[in-house]
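What follows is a set of notes on a single structure, which appears directly below.
When a ligand or atom number is given, it counts from 1 through the structure's own listing order. Predicted model only: the values in this text are computed from it and were never measured.
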Amino acid sequence: MTPDQAISNPPAAAPPEPEPLLLRAAKGEQVDHPPVWFMRQAGRSLPEYRELRAGTRMLEACRTPDLVTEITLQPVRRHGVDAAILFSDIVVPLVAAGLDIEIVPGTGPVVASPISDAADVSKIRGLDPADIEDIAVAVRQLVAELGDVPLIGFAGAPYTLASYLIEGGPSKDHARTKALMHSRPDVWHALLGKLALISAVFVRVQVDAGASAIQLFDSWAGGLSAADYAEFVLPHSQGVFAALGPAAVPAIHFGVGTGELLDLMRRAGANVVGVDWRIPLDVAAERIGGRTPVQGNLDPALLLADWPVVEAAVRRIVAEGRRAPGHIFNLGHGVLPETDPGVLTRVVELVHSL
Ligand code: CP3
């Protein structure tokens with residue numbers, strides 16, 4: 001081809017597809033309205049989920065790619081959310097690495113042999129990508145099915161995982177966890193270092209299979225002082241984000257009750273900081289230095305209130321989010337099982353109309 005031909009016959013390139021709203025908001029680009037998805041959008045609030053899960057244990061469902069794919073797609077079809085989140089659980093990589101954990105309905109993860117000393121930590125082996133090939137299969141299937149809708153991958157952060165392993169199950173005060181952290185810092189750091197590697201492999205497998213963003217859930221970090229978080233948790237969460245590498249996908253970092261930790265959580269390496277309902281998004285954005293997008297922050301309990309209450313809260317949150325350098329609309333924590341899914345659909349429509 002001569003240069004002349006090249007000028008008269010430009011290749012018939014399709015106009016470039018705009019990037020999905022979620023990814024643009026995560027980068028702090030200007031968008032007309034915030035993208036919206038919900039933590040725990042897949043799950044017990046949906047009758048089609050309850051029907052599909054009947055007779056299958058949670059962890060078995062998480063390891064069956066066709067079920068993972070279908071359950072992940074259900075809320076996307078029903079609500080028209082701007083992202084899917086992989087249906088799985090934070091303990092899936094721990095089980096895949098050989099730990100004996102069951103997810104008990106109505107309770108949460110229960111650990112057969114809780115961790116209390118160096119010998120317990122030394123028995124934890126690493127996670128090999130081959131241990132979670134089923135997760136890669138599910139992600140690849142999902143990416144093919146989702147088309148333009150981005151898939152968010154996730155992992156539990158080392159602290160939240162450690163809290164389950166040390167307490168043996170859900171806990172209100174995380175007393176054993178904090179006691180081990182302070183009295184055996186060597187054991188603590190060895191444990192969190194191992195968990196960071198396991199979480200890093202779990203998210204890396206999802207990203208390599210095509211996930212467009214990831215969220216690190218440090219759900220229970222809000223129970224820590226900033227000083228304890230900085231010394232005992234931050235370096236390990238940093239390790240998870242660092243393992244993803246600089247060219248990887250946008251990373252969201254979320255915990256509950258973390259108003260005093262938000263800037264440390266940003267410093268762990270997040271591109272977006274998740275905020276629960278306790279502080280306004282514009283205040284949160286300021287606390288993290290005014291340059292990092294935020295995600296949140298409707299109180300999931302409000303979804304059980306009358307619609308005018310929900311509507312006013314959604315409008316307020318979107319307005320507060322506009323004062324942040326970027327906003328992904330979400331709840332301040334997961335969808336409660338008793339939520340009317342019709343209300344979630346209305347919230348999506350409302351956010352998209354604003
Ligand atoms: O958000 C999503 O839609 C994706 C799926 C997802 C689940 N768990 C599915 C699930 C995600 C991202 C998680 C992460 C998770 N798991 C976290 C971090 C997020 C958070 O909520 O703070 C935590 C702390 C866990 C541990 C865990 N697993 C708990 C507390 C529970 C609930 C126990 C109960 O029965 O109330 C689980 C089980 C679980 N994980 C369910 C679902 C849909 C319910 C199981 C069921 O339907 O039988």
Heavy atom of Gly334, distance to ligand 1 below 4.0 Å: no
Which of the ligand 1 atoms, numbered from 1, are nearer than 4.0 Å to a heavy atom of Met58: 9 (C), 10 (C), 39 (C), 40 (N), 41 (C), 42 (C), 45 (C)
For Trp37, the option from Ile328, Asp82, Val76, Val149 that meets side chain to side chain contact (heavy atoms under 4.5 Å, CB included): Ile328
Heavy-atom nearest neighbour in the protein, as seen from atom 24 (C) of ligand 1, with distance rounded to 0.1 Å: Tyr164 OH, 3.3 Å
Exam field: side chain Glu167 to backbone Pro114, donor-acceptor pair closer than 3.5 Å: no
Min N/O separation Arg44 to ligand 1 under 3.5 Å: yes
Check: Gln41 N/O within less than 3.5 Å of ligand 1 N/O: yes
Distance from atom 21 (O) of ligand 1 to nearest protein heavy atom, with residue and atom: His333 NE2, 3.1 Å
Check: Ser219 N/O within less than 3.5 Å of ligand 1 N/O: yes
Protein heavy atom at shortest distance from atom 48 (O) of ligand 1: Arg53 NH1, 3.1 Å
Close approach, Phe254 and ligand 1, non-hydrogen under 4.0 angstrom: no
Donor-acceptor side-chain pairing of Gln41 and Gln74 below 3.5 angstrom: no
Interfacing atoms of ligand 1 (cut-off 4.0 Å, heavy-atom, Tyr49): 43 (C), 46 (C), 47 (O)
Heavy atoms from other residues, nucleotides or ligands near CZ of Arg140 exceed 12 (cutoff 6.0 Å): yes
Polar proximity ligand 1 side, Phe87 side, N/O cut 3.5 Å exclusive: no
Atoms of ligand 1 close to Ile103 [distance to a heavy atom under 4.0 angstrom, numbered from 1]: 38 (C)
Reported CG-to-OG1 distance for the pair Asp263 and Thr258, which is rounded to 0.5 angstrom: 11.5 Å
Closest protein heavy atom (residue, atom, distance) for atom 7 (C) of ligand 1: Ser88 O, 3.1 Å
Min N/O separation Pro105 to ligand 1 under 3.5 Å: no
4.5 Å side-chain heavy-atom contact, Pro341 and Pro47: yes
Pair Phe217-His253, ring-ring contact (aromatic ring centres under 6.0 Å, His included): steps then yes or no: CA-CA 6 Å; Phe217 282 95; His253 197 183; over 10 Å; no
Plane angle bin for Phe232 and Trp188 - parallel if under 30°, tilted between 30 and 60°, otherwise perpendicular: perpendicular
For ligand 1, the portion of Leu86 having any non-hydrogen atom under 4.0 Å away: backbone
Heavy-atom proximity to atom 35 (O) of ligand 1, best of Gly156, Ala155, Gly106: Gly106
Pick from Ile90, Asp89, Thr56: the one approaching atom 28 (N) of ligand 1 most closely through a non-hydrogen atom: Asp89
Shortest protein heavy-atom distance from atom 11 (C) of ligand 1, along with the residue and atom involved: Phe154 CZ, 3.7 Å
Whether Glu133 side chain and Pro129 backbone form a donor-acceptor pair below 3.5 Å: no
Any Phe329 side-chain heavy atom under 4.5 Å of Ile317 side chain: yes
Option whose closest heavy atom lies nearest to atom 27 (C) of ligand 1, chosen from Pro109, Ala157, Ala61, Gly255: Pro109
Residue portion contacting ligand 1 (non-hydrogen atoms closer than 4.0 Å) for Pro337: neither
Donor-acceptor contact present, side-chain Lys194 to main-chain Ile124, <3.5 Å: yes
pair Val207-Leu244: side-chain heavy atoms closer than 4.5 Å: yes
Ligand 1 versus Phe38: contacting region, heavy-atom distance under 4.0 Å: neither
Per-residue contact class, Gln215 against ligand 1 - non-hydrogen pairs under 4.0 Å: neither
Option set Met39, Arg40, Arg50, criterion heavy-atom distance to atom 2 (C) of ligand 1, minimum: Arg40
Distance-only donor-acceptor check, side chains His182 and Asp228, under 3.5 Å: yes
N/O donor-acceptor pair under 3.5 Å between Thr160 side chain and Gly156 backbone: no
Distance, nearest 0.5 Å, that separates CE of Met58 from OG of Ser88: 7.0 Å
Numbered atoms of ligand 1 (with element) below 4.0 Å of Phe217, judged on heavy atoms: 12 (C), 18 (C), 19 (C)
Ile85: numbered ligand 1 atoms lying under 4.0 Å from its heavy atoms: 1 (O), 2 (C), 3 (O), 4 (C)
